[in-house]
Amino acid sequence: ALAFSLATPSHAAGPLLADGTPVAISAARIERFQRGSDATRFGKLTFLGGLDLTATNREIGGLSGLIVLDGGSEMLAVTDNALWVSARIRQSPEGAPLGLSDVRFAPMRDAKGVELRKTSSSDTEAVTLGRNRGKLELFVATERNNRILRFAWPLTKGASPMISGVETPKGVRALRGNKGLEALSAAPDNGPLGGALVAIAERGESQAHNLPGFIIGGPRAGSFEIERSDNYDATDAAFLPGGDLLLLERRFNLRDWVGMRLRRFAAADVKPGAVLKGTIVMEAGPSHQIDNMEGLAVHQDGQGRTILTLLSDDNRSLLQRSLLLRFRLDD
């Protein structure tokens, strides 16, 4: 069994994706989260600001998973067609994103060096940074074939091949092809999960079923469920500094149009056999600056404040947007 632990979100081994392809991105600032309102408080979150991103190369659309590094000034994302995307984030002292620079992308590669987008593992949906037996590594979840892949850290060269797959429970491999693994996060090492990976499926067997969750490694390895409600599906997850789990959810249908929700689950409640309901941290709808929200990252700034960064997947459609949003969690 692999032993995982939450990683310190920083690195000092040179720029990410040094061999990646540079790409120009324009970033229009979003100063109001709710259209027509100056409100900054939404549930337990304070809106800091956001960016509406437009890239000159449509290949780097479809941003689906995210980690944030160096106090919020750097990001590494994955796209849903197996690309790495890195960027520097220019930010205000409060953490509001002001723009992106040094944006690069590179194709992910399997253990033989073949581009993942040419394999059955092309649908990459989530990324997290954790420790495997004391060593920092990147872990990427893929949908359709429902796998978790290991990559070396730091990712200074995008051409670096993956190390291997992660052994997962049978329940992971039995997930639906197009509603499979969507969320992945490494738990804190000093919490009840002992640094395990937590993976959550987008949806269960049907809309009436709960969301399947899996604890991989650690002292509480096993499966659990998250109560599905209000037509929301899981898209990403991240652990808070105190050990609680945050789940990002989205919905899109003709009745509700577009929606986003964040739910919080107490660290002690995430265990095998549990059916989790959690508490709603924030919910947003068509009147807010959201799209197909799929990426979630958590970091602490220099003052110890907990900052959430959310990212949307535009599906490479001219009708959708790539948004990067920042909130402060006020506990």
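Everything numeric here is computed off the predicted structure, so don't read it as measured data.
Closest approach of Asp269 and Leu276 over heavy atoms only: O-CD2, 3.2 Å. Contact record, Gly62 with Asp314: N-OD1, 2.9 Å, taken as the closest heavy-atom pair. Nearest approach of Pro188 to Gly243, heavy atoms of both residues: CG-CA, 3.8 Å. Annotation for Pro192 and Ala267: closest pair CG-O, 3.7 Å, computed over non-hydrogen atoms. In this structure, Leu311 and Ala77 approach most closely via the heavy-atom pair CD2-CB, 4.1 Å. Closest of all the heavy-atom pairs between Arg321 and Asp291 is N-OD2, 3.2 Å.
Remark: Ala284 pairs with Phe33, Met260, Met282, His288, Ile290 by the side chain to side chain contact (heavy atoms under 4.5 Å, CB included) rule, at least two apart or across chains. Listed by chain and residue number, nothing satisfies the side chain to side chain contact (heavy atoms under 4.5 Å, CB included) test with Pro161 (two or more places apart in sequence, or in another chain). With sequence neighbours left out, the side-chain hydrogen bond (donor to acceptor under 3.5 Å, both in side chains) criterion links Glu115 to Arg117. Among residues two or more places apart in sequence or in another chain, the side-chain hydrogen bond (donor to acceptor under 3.5 Å, both in side chains) test is passed with Thr21 by none. With sequence neighbours excluded, no residue forms a side-chain hydrogen bond (donor to acceptor under 3.5 Å, both in side chains) with Arg90. Judged as a ring pair (Phe, Tyr, Trp, His ring centres under 6.0 Å), and not counting sequence neighbours, Phe214 has no contacts. Every residue two or more places apart in sequence or in another chain that forms a side chain to side chain contact (heavy atoms under 4.5 Å, CB included) with Asn315 is listed here: Asp80, Asn292, Asp313, Gln320. With sequence neighbours excluded, no residue satisfies side-chain hydrogen bond (donor to acceptor under 3.5 Å, both in side chains) with Asn231.
Under the 4.5 Å side-chain criterion, counting only non-hydrogen atoms from C-beta, Ser121 is not in contact with Asp110. Contact annotation: the side chain of Leu149 never approaches that of Met108 to less than 4.5 Å [non-hydrogen atoms, C-beta and beyond]. For the pair Glu74/Leu16, a side-chain contact is recorded, criterion being any heavy-atom separation below 4.5 Å from C-beta on. Contact annotation: the side chain of Gln289 never approaches that of Arg32 to less than 4.5 Å [non-hydrogen atoms, C-beta and beyond]. Within the 4.5 Å cutoff, side-chain heavy atoms of Asn210 are placed close to those of Val275. Proximity of Gln91 to Ser73: side-chain heavy atoms (C-beta onward) are separated by under 4.5 Å at one or more points. The side-chain heavy atoms of Arg316 and Thr79, taken from C-beta on, include a pair separated by under 4.5 Å. Between Arg29 and Leu51 the shortest side-chain heavy-atom distance falls below 4.5 Å.
Residue Leu323 is grouped with residue Phe252 when hydrophobic side chains (ILVMFWY) are merged at heavy-atom distances under 4.5 angstrom, including chains of intermediate members. Cluster annotation: Val258 and Tyr232 are assigned to distinct hydrophobic clusters (Ile/Leu/Val/Met/Phe/Trp/Tyr, side-chain heavy-atom contacts under 4.5 Å, transitive). In the hydrophobic clustering of this structure, Met293 does not group with Ile280; members are Ile, Leu, Val, Met, Phe, Trp, Tyr whose side-chain heavy atoms approach within less than 4.5 Å, directly or through other members.
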Atom pairs and distances, side-chain donor-acceptor, residues 197-208, under 3.5 Å, sequence neighbours left out:
| from | atom 1 | to | atom 2 | distance (Å) |
| --- | --- | --- | --- | --- |
| Glu202 | OE2 | Lys179 | NZ | 3.3 |
| Glu202 | OE2 | Arg250 | NH2 | 2.7 |
| Arg203 | NE | Asp233 | OD1 | 3.0 |
| Arg203 | NH2 | Asp233 | OD2 | 2.8 |
| Ser206 | OG | Ala208 | N | 3.2 |
| Ser206 | OG | His209 | ND1 | 2.7 |

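Here the CZ atom belonging to Arg41 is positioned 12.0 Å from the CZ atom belonging to Phe327, to the nearest 0.5 angstrom. Atoms CD and OG, on Glu137 and Ser164 in that order, are 7.5 Å from each other to the nearest 0.5 Å. Between the CE atom in Met75 and the CG atom in Leu66 there is a gap of 5.5 Å [rounded to 0.5 Å]. Between Leu262 atom CG and Leu310 atom CG the span is 5.5 Å, to the nearest 0.5 Å. Note that CD1 of Ile60 and CG of Leu83 are 8.5 Å apart. Values are rounded to the nearest 0.5 Å. Once rounded to the nearest 0.5 Å, the distance linking CG of Leu116 with OG1 of Thr124 reads 7.0 Å.
Thr235 places a side-chain N or O within 3.5 Å of a backbone atom of Leu248 that can act as its donor or acceptor partner. Side-chain atoms of Thr128 come within 3.5 Å of backbone atoms of Ala186 as a donor-acceptor pair (strictly under, hydrogens ignored). Of the possible donor and acceptor atoms, one in the side chain of Arg326 sits under 3.5 Å from a partner among the backbone N and O of Gly72.
For the residue pair Asn145 and Thr142, a side-chain donor N or O sits within less than 3.5 Å of a side-chain acceptor on the partner. Side chains of Ser229 and Arg263: no donor on one and acceptor on the other come within 3.5 Å.
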Next item on the list: Decide yes or no on side chain to side chain contact (heavy atoms under 4.5 Å, CB included) for Val140 and Ile148, but give the supporting numbers first.
Entry: CA-CA 5 Å; Val140 174; Ile148 299 175; over 6 Å; no
Note to self: Please determine whether side chain to side chain contact (heavy atoms under 4.5 Å, CB included) holds for the pair Thr168 and Leu181, giving the CA-CA distance in whole Å, both sets of side-chain angles, and the decisive distance to 0.1 Å.
What the structure shows: CA-CA 12 Å; Thr168 55; Leu181 283 185; 5.9 Å; no
Next item on the list: Evaluate the side chain to side chain contact (heavy atoms under 4.5 Å, CB included) criterion for residues Val166 and Ile216: first the C-alpha distance (whole Å), next the side-chain angles of each, then the deciding distance (0.1 Å), finally the verdict.
Entry: CA-CA 9 Å; Val166 173; Ile216 303 168; 4.3 Å; yes
Next item on the list: For the pair Lys157 and Leu17, evaluate side chain to side chain contact (heavy atoms under 4.5 Å, CB included) and give the outcome as yes or no after the intermediate values.
Entry: CA-CA 5 Å; Lys157 293 185 177 180; Leu17 305 185; over 6 Å; no
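The other members of the hydrophobic cluster of Ile307, by chain and number, are Leu48 (side-chain heavy atoms under 4.5 Å, ILVMFWY only).
Looking at Asp70 and Arg88, a side-chain N of the basic residue comes within less than 4.0 Å of a carboxylate O on the acidic one, giving a salt bridge.
Note on residues 92-106: pairs passing salt bridge (Lys or Arg N to Asp or Glu O under 4.0 Å), not counting sequence neighbours, are Asp102-Arg104. Sorted pairs that involve residues 271-287 and meet salt bridge (Lys or Arg N to Asp or Glu O under 4.0 Å), not counting sequence neighbours, are lacking altogether.
If you look at Phe105 and Trp84, their ring centroids are not closer than 6.0 Å.
Paired with Phe239 under the rule side chain to side chain contact (heavy atoms under 4.5 Å, CB included), one option of Leu193, Val298, Leu246, Val270 passes, and it is Leu193.
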